[in-house]
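Structure record follows, encoded as structure tokens.
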Amino acid sequence: MSKEIIKIEDLTREFTMGAETVRALRGVSFTVKEGEFVTIMGSSGSGKSTLLNILGCLDNPTSGTYKIDGVEMKDLSKNQLATIRNEKIGFIFQSYNLLARTSALENVELPLFYNSKVSSEVRRESALKALKMVGLEERMDHTPSQLSGGQQQRVAIARSLVNNPVMILADEATGNLDTRTAYEIMSIFQELNEQGITIVFVTHEPDIATFSSRTIVLKDGNIIRDQKNDKVQSAAYELAKLPKQDH
Amino acid sequence: MRLYNLLKIAFKAIVLNKTRTLLTMLGIIIGVASVIAMLAIGEGSKESIRATISSMGSNMITIRPGADDRGPARGSGGDVQTLILADYEEIKEQASLLSNITPVVNGGGQVINGSNNWPSTIFGVNPEYLEIKAVGLQSGSMFTDAEVKSASKVALIGQTVVENVFPDGQDPVGQMIRFNNIPFKVIGVLEEKGENTFGQDQDDVVIAPFTTVQKRILAIDYLNQIMASAVSEDDATEAVEQVTEILRKQHKLMDNEDDDFTVRSMEELISTFSSTSEMLTILLVAVAGISLLIGGIGIMNIMYVSVKERTKEIGLRMAVGGKGADILMQFLIEAILISITGGIIGVTLGLGSTIFIEKFLHWPTSVALYSIIISFAVCAITGIFFGWYPARKASALDPITALRYE
């Protein structure tokens with residue numbers, strides 16, 4: 001029995017907009033075990049991004065409990081949360097969020113800058129290794145503006161990997177990419193998942209969900225479906241099936 | 001390690017925004033440079049005043065008839081006839097802190113040599129005058145005590161007089177000149193001293209024994225002033241008191257009566273003029289200080305915009321594990337780096353323009369070390385002070401709010 005990485009119970013999140021209170025999450029509970037590849041699906045406004053932000057310790061729930069590796073997040077200070085984000089979580093954004101005019105390598109190194117235990121040699125080595133995993137080692141000196149969207153997202157993935165996180169959280173990571181590039185990215189995620197990294201992936205595209213081992217569907221802040229996926233598709237195989245691109 | 005990392009991050013941010021950084025620095029650069037240059041000009045003029053006054057004899061003491069400030073209507077010192085030769089003799093005999101002393105009578109007149117003539121001033125003195133005024137001889141010799149006693153018609157002349165009454169470049173020594181129609185034999189030429197700080201030509205003089213000038217030219221029996229020099233510069237103040245005491249006794253002044261003479265040391269004169277130039281220095285520095293302050297506000301402005309502009313970046317940095325303190329330090333280091341670099345450039349520029357002013361405008365300058373230290377410290381402090389607020393604001397952001405900021 002593998003251990004529970006994420007355990008949330010009765011999580012709610014409310015935003016106050018003037019006099020109105022928007023309830024983005026209305027009591028969500030689930031657990032994610034080590035090595036799972038979970039997709040969270042739902043239409044726009046269903047609360048999936050809010051949920052992911054809470055899972056990524058970027059936002060705090062209004063009520064309910066959230067434990068990572070058995071540690072209650074509510075009890076941690078701002079600085080301790082920063083350390084959790086730094087050492088345990090890799091976060092990937094829809095809009096890549098790379099630092100402009102900064103090389104791919106330095107972008108990947110960024111999280112390690114905030115970890116004083118890592119020396120500059122180790123930092124560079126780890127960043128190179130992470131870039132190699134996403135197949136961009138020969139582009140390490142390129143700045144984001146010199147990279148395609150897919151390549152930028154791969155740099156972002158490398159950045160999320162660089163600190164050996166226990167889980168990677170991706171917020172619509174393929175949302176800005178065409179099908180082919182999206183499948184390339186998904187095959188990278190599947191590879192990482194095979195290496196044992198837990199992945200939580202937010203998307204609204206059903207075909208992306210077929211690459212994961214479990215799908216949670218949210219609607220209006222509630223879970224309406226949570227099911228294992230028995231027939232996990234291989235992104236690499238699907239990619240091969242796509243018509244070849246003309247060059 | 002952590003600080004080093006943050007330093008690297010901050011440095012990168014500065015390098016990535018070269019133009020903006022340079023423009024921000026400009027305020028600091030101009031501020032620091034002007035503080036240094038202004039202080040150098042102020043200090044320089046103060047020193048030059050001190051130097052010219054010293055060149056007139058730094059331990060010189062002058063005794064003039066008439067009080068310094070008595071009554072609303074004051075005549076010039078020469079009009080008051082309270083100083084006589086007996087006073088000179090009394091001081092010479094009793095004052096222990098004086099090394100040289102001479103009576104002085106002076107008057108204007110025409111110096112004539114053949115067809116050349118020139119209006120000048122004749123000073124009747126004794127041989128000790130040269131020591132007191134710290135003037136050397138270019139050629140010839142000074143008259144002797146015996147020549148003073150016999151009221152000989154001998155004279156020494158300054159460079160300006162030489163140029164005007166001996167225009168063909170002949171040696172004046174041994175020649176005869178006339179001053180107000182009294183013939184004098186030129187026995188020496190004084191060394192060139194140039195203009196003093198007050199614009200007086202110190203070379204436009206004729207010097208003769210005071211007995212001769214008093215009797216033959218001015219026909220007076222009093223003295224215009226007495227000049228003396230203190231044993232050393234440090235004794236000058238005490239010597240002034242000593243002379244005052246002797247003269248009060250000599251003039252039989254009661255305790256409730258004011259002095260009917262004025263004794264002054266050069267030291268006093270120096271401080272009088274120094275205080276004027278000090279005022280000017282303060283004024284200049286105040287103006288320069290304001291530009292430094294504006295430079296500081298420039299830093300705050302840019303840091304503020306920089307924080308706003310990079311809100312998303314701050315969010316990302318927090319999302320990957322940057323703590324509030326890390327963000328605060330990053331922006332603070334950035335502000336300090338900008339102000340210190342600006343400070344260094346400013347100091348260099350300030351020193352450069354000081355050299356320029358000295359070389360090309362020929363203004364006396366003197367760079368004081370304290371001006372460099374002060375302006376540098378002020379710019380570092382403005383960097384910290386004006387960088388703090390925006391940095392603090394950045395660090396207090398919520399990661400998710402910052403990330404969503406457009």
Side-chain angles (χ1 to χ4, degrees), chain A residues 13 15 24 49-50 52-60 77-103 106-120 122-123 143-144 156 158-163 165 169 171, chain B residues 1-22 302 305-334 337 391-406:
Chain A
R13 179 70 173 101
F15 297 101
S49 284
T50 307
L52 198 73
N53 287 336
I54 292 172
L55 292 181
C57 299
L58 295 173
D59 199 3
N60 297 311
S77 70
K78 265 190 163 184
N79 283 349
Q80 284 169 317
L81 284 176
T83 309
I84 294 275
R85 288 199 295 269
N86 188 247
E87 293 174 356
K88 298 210 162 169
I89 300 170
F91 212 102
I92 298 163
F93 306 90
Q94 181 176 9
S95 52
Y96 327 130
N97 275 344
L98 298 178
L99 294 183
R101 289 171 293 170
T102 306
S103 75
E106 282 174 294
N107 262 296
V108 175
E109 281 183 327
L110 186 67
L112 300 180
F113 264 109
Y114 293 106
N115 187 340
S116 49
K117 283 170 272 180
V118 179
S119 71
S120 59
V122 174
R123 186 170 65 223
T143 59
R159 183 179 63 198
S160 73
L161 286 172
V162 76
N163 47 5
L169 306 175
D171 188 4
Chain B
M1 187 64 206
R2 177 163 154 254
L3 198 69
Y4 176 70
N5 283 349
L6 291 173
L7 202 71
K8 254 173 126 169
I9 292 171
F11 185 72
K12 235 188 122 48
I14 289 176
V15 173
L16 280 178
N17 293 300
K18 278 189 212 76
T19 319
R20 194 181 68 187
T21 308
L22 205 73
I302 286 295
V305 170
S306 176
V307 165
K308 274 258 178 281
E309 189 185 275
R310 282 148 67 191
T311 306
K312 237 189 148 117
E313 179 195 320
I314 293 166
L316 171 73
R317 287 181 185 280
M318 286 178 156
V320 300
K323 298 180 175 72
D326 292 330
I327 306 295
L328 177 77
M329 284 300 281
Q330 179 193 333
F331 281 91
L332 207 53
I333 289 172
E334 230 176 271
L337 275 181
R392 174 86 217 138
K393 221 174 142 88
S395 73
L397 284 171
D398 224 14
I400 196 69
T401 329
L403 267 172
R404 290 241 176 94
Y405 184 86
E406 290 300 331

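Predicted, not measured: the structure shown is a model, and the values here were computed from it. Throughout, a chain's letter reflects where its sequence line sits, starting with A, and its residues are numbered from 1.
With hydrogens and angles disregarded, no donor-acceptor distance shorter than 3.5 Å links the side chain of A/Asn107 to the backbone of A/Ala156. Using modelled atom types, no side-chain atom of A/Ser160 and backbone atom of A/Ile92 make a donor-acceptor pair closer than 3.5 Å. Judged by distance alone, the side chain of A/Asn86 and the main-chain N or O of A/Thr83 form no donor-acceptor pair under 3.5 Å. Proximity of a side-chain donor or acceptor of A/Thr102 to a complementary backbone N or O of A/Ala100 within less than 3.5 Å is detected.
In this structure, the portions of A/Phe113 lying under 4.5 Å from any heavy atom of chain B include both its backbone and its side chain. For A/Glu106, the part sitting under 4.5 Å from any heavy atom of chain B is the side chain, from C-beta outward, and nothing else.
Per-residue heavy-atom pair counts under 4.5 Å with chain B were compared for A/Asn163, A/Leu98, A/Asn97, and the maximum is reached by A/Asn97. Chosen from B/Leu16, B/Asp398, B/Thr401, the residue pairing most often with chain A at heavy-atom distances under 4.5 Å is B/Leu16.
For a heavy-atom cut-off of 4.5 Å, chain B lies close to A/Asn53, A/Leu58, A/Asp59 in residues 52-60 of chain A.
Here NZ of A/Lys117 is found 15.0 Å from CZ of A/Arg123. Values are rounded to the nearest 0.5 Å.
Exactly one of B/Arg392, B/Lys393, B/Arg310 qualifies for a side chain to side chain contact (heavy atoms under 4.5 Å, CB included) with B/Phe331. That residue is B/Arg310.
Applying the salt bridge (charged side-chain N to carboxylate O under 4.0 Å, His left out) rule to B/Lys308 yields no partners; only residues at least two apart in sequence or on another chain are considered.
Within the 4.5 Å cutoff, side-chain heavy atoms of A/Phe15 are placed close to those of A/Thr50.
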